[in-house]
Amino acid sequence: MDVPAGKRALLKVIVLGDSGVGKTSLMNQYVYNKFIGQYKATIGADFVTKELQIDNKQVTLQIWDTAGQERFQSLGAAFYRGAECCVLVYDVNVLKSFETLNTWREEFLKQADPAAPDEFPFVLLGNKIDIDGGNSRVVSEKQAKDWCASRGNIPYFETSAKEGYNVGEAFLCVARTALTNE
Ligand code: GDP
Ligand code: MG
C-alpha cells in the first residue's frame with residue numbers, strides 16, 4: 001500500500017541467528033555507529049529504530065533484537081508478529097551458525113506465518129569477516145550465495161559489525177526489501 005505524503009512508513013524487521021554471531025553488534029553499528037564489544041543479555045525482546053529516506057519515502061525501520069533468549073527458549077509470538085523482513089545472521093568463522101540458518105528460517109515462517117511464505121523477504125548477513133583477515137573463515141562466499149540462490153535468491157551481504165563494513169549497505173537493502181512487503 002502507498003504511504004500518504006507526509007506519513008512515515010513503519011517497517012518491522014527482526015534479526016535472527018545463533019547466539020554470538022553478532023546480531024546485537026550489527027544493529028548497534030547500524031543505528032548508533034558504535035561497536036561495544038560485549039553486550040549484556042537483558043530480559044525480553046526489544047527493538048531499536050532508525051529513520052531513513054528511500055526514494056522520497058520517509059521510513060522508520062523498527063529492528064527487533066533477541067535478548068539472548070535465542071539460546072534456550074522460544075521468542076514468543078509478539079516478536080515475530082507483523083514483521084516485513086527477516087534478517088538472518090551467521091558468523092563466517094563458525095560452521096554451526098551457517099548450518100542452523102535453515103532452522104531459523106523455518107522457525108520464522110512457522111511463527112510469523114506469512115500469507116505467502118515462498119515470497120517472504122529474507123536478507124542474509126555473513127558477519128565477522130574482519131577476523132584474522134578472513135583466514136579463519138570456514139564458510140565461503142559461494143556456499144552462502146548457493147544457499148541464498150536455492151531459496152528464492154535471498155540477498156546476501158558479508159559484514160563486519162566491528163569495522164562497520166557493509167553494515168549500512170546491508171540494512172539499506174533490508175529497508176528496501178521490507179518496503180516491498182509493506
Ligand atoms: P549476538 O549474540 O548475535 O547478539 O552477538 P553479539 O552482537 O553480542 O556479539 C557476540 C560477540 O562477537 C561479541 O563479543 C562481539 O563483540 C563480537 N562481534 C560481533 N560482531 C563482530 C564482528 O563483526 N567482528 C568481530 N571481530 N567481532 C564481532
Ligand atoms: Mg544479542
Side-chain angles (χ1 to χ4, degrees), residues 11-50 61-81 83 85-109 111-112 121-145 147-148 154-175 177-178:
L11 302 174
K12 177 174 175 178
V13 168
I14 71 171
V15 184
L16 288 177
D18 281 1
S19 177
V21 297
K23 301 181 297 297
T24 303
S25 300
L26 283 161
M27 293 171 50
N28 279 279
Q29 179 58 258
Y30 177 56
V31 175
Y32 307 114
N33 299 305
K34 273 196 299 209
F35 180 75
I36 298 168
Q38 209 58 253
Y39 294 96
K40 281 191 198 124
T42 48
I43 307 298
D46 211 347
F47 62 81
V48 293
T49 60
K50 171 102 168 177
L61 212 54
Q62 188 185 68
I63 312 169
W64 288 60
D65 191 13
T66 56
Q69 328 85 308
E70 72 270 34
R71 226 174 293 192
F72 54 90
Q73 70 189 52
S74 98
L75 293 157
F79 181 75
Y80 294 97
R81 195 178 299 129
C85 177
C86 175
V87 183
L88 297 171
V89 185
Y90 77 100
D91 176 344
V92 299
N93 310 282
V94 179
L95 184 59
K96 172 107 187 344
S97 71
F98 181 70
E99 290 172 343
T100 51
L101 286 173
N102 246 347
T103 313
W104 284 117
R105 183 173 172 276
E106 274 158 25
E107 177 72 3
F108 173 82
L109 291 174
Q111 298 288 343
F122 291 88
V123 173
L124 178 65
L125 310 186
N127 191 41
K128 305 200 191 182
I129 60 157
D130 61 282
I131 290 184
D132 203 14
N135 288 317
S136 63
R137 71 182 290 164
V138 293
V139 180
S140 70
E141 191 172 0
K142 179 169 187 310
Q143 275 174 286
K145 284 186 170 166
W147 190 88
C148 289
I154 294 174
Y156 177 59
F157 292 85
E158 305 219 312
T159 56
S160 166
K162 186 176 182 184
E163 295 178 352
Y165 174 76
N166 236 2
V167 176
E169 290 82 349
F171 277 99
L172 182 58
C173 173
V174 169
T177 306

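Atoms within a ligand are numbered from 1 in the order they appear, just like the ligands themselves. What you see below is based on every heavy atom in this structure, not just the backbone, and it leaves out hydrogens, waters and symmetry mates.
Looking at Asn127 against ligand 1, only its side chain comes within 4.0 Å, counting heavy atoms. Contacts between Asp130 and ligand 1 below 4.0 angstrom, taking non-hydrogen atoms only, involve the side chain exclusively. Only side-chain heavy atoms of Ile131 come within less than 4.0 Å of ligand 1; its backbone N, CA, C and O stay farther off.
The distance criterion of under 3.5 Å between nitrogen or oxygen atoms is not met by Thr159 with respect to ligand 1.
Residue contacts with ligand 1: Asn28 is excluded, as none of its non-hydrogen atoms falls under 4.0 Å. Distances from ligand 1 to the non-hydrogen atoms of Tyr165 include no value under 4.0 Å.
Taking CD from Glu158 and NZ from Lys145, the interatomic distance works out to 7.5 Å, rounded to the nearest 0.5 Å. Remark: Phe122 CZ to Cys148 SG distance equals 11.0 Å, nearest 0.5 Å.
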- Verdict with reasoning, Asn93 to Ser136, per side-chain hydrogen bond (donor to acceptor under 3.5 Å, both in side chains): CA-CA 6 Å; Asn93 310 282; Ser136 63; 2.9 Å; yes

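Considering Ser160, Gly22, Ser97 only, the shortest heavy-atom separation from atom 5 (O) of ligand 1 involves Gly22. Within the set Gly17, Gly20, Ala161, the minimum heavy-atom distance to atom 2 (O) of ligand 1 is found for Gly20.
For the pair Lys50 and Tyr30, the distance from NZ or CZ to the six-membered ring centre is under 6.0 Å and the angle to the ring normal is within 45 degrees.
Atoms of ligand 1 lying under 4.0 Å from at least one heavy atom of Asp18, given by number and element, are 3 (O). In summary, the atoms of ligand 1 found under 4.0 Å from a heavy atom of Ser19, numbered by their order in the structure, are 2 (O). Near Thr24, the atoms of ligand 1 lying under 4.0 angstrom from a non-hydrogen atom of the residue are 4 (O), 7 (O).
Contact annotation: Thr24 places an N, O or S atom under 2.8 Å from the Mg ion (ligand 2).
The minimum heavy-atom distance linking Ala83 with Ile14 is given by the pair CB-CG2, 4.1 Å.
Considering Leu124, Asp18, Thr100 in turn, Leu124 is the only one that fulfils the side chain to side chain contact (heavy atoms under 4.5 Å, CB included) rule with Tyr90.
A donor-acceptor distance shorter than 3.5 angstrom exists from the side chain of Lys12 to the backbone of Arg81, with no hydrogens or angles considered. For Asp91 (side chain) and Gly20 (main-chain N/O), no donor-acceptor pair under 3.5 Å exists by modelled atom type.
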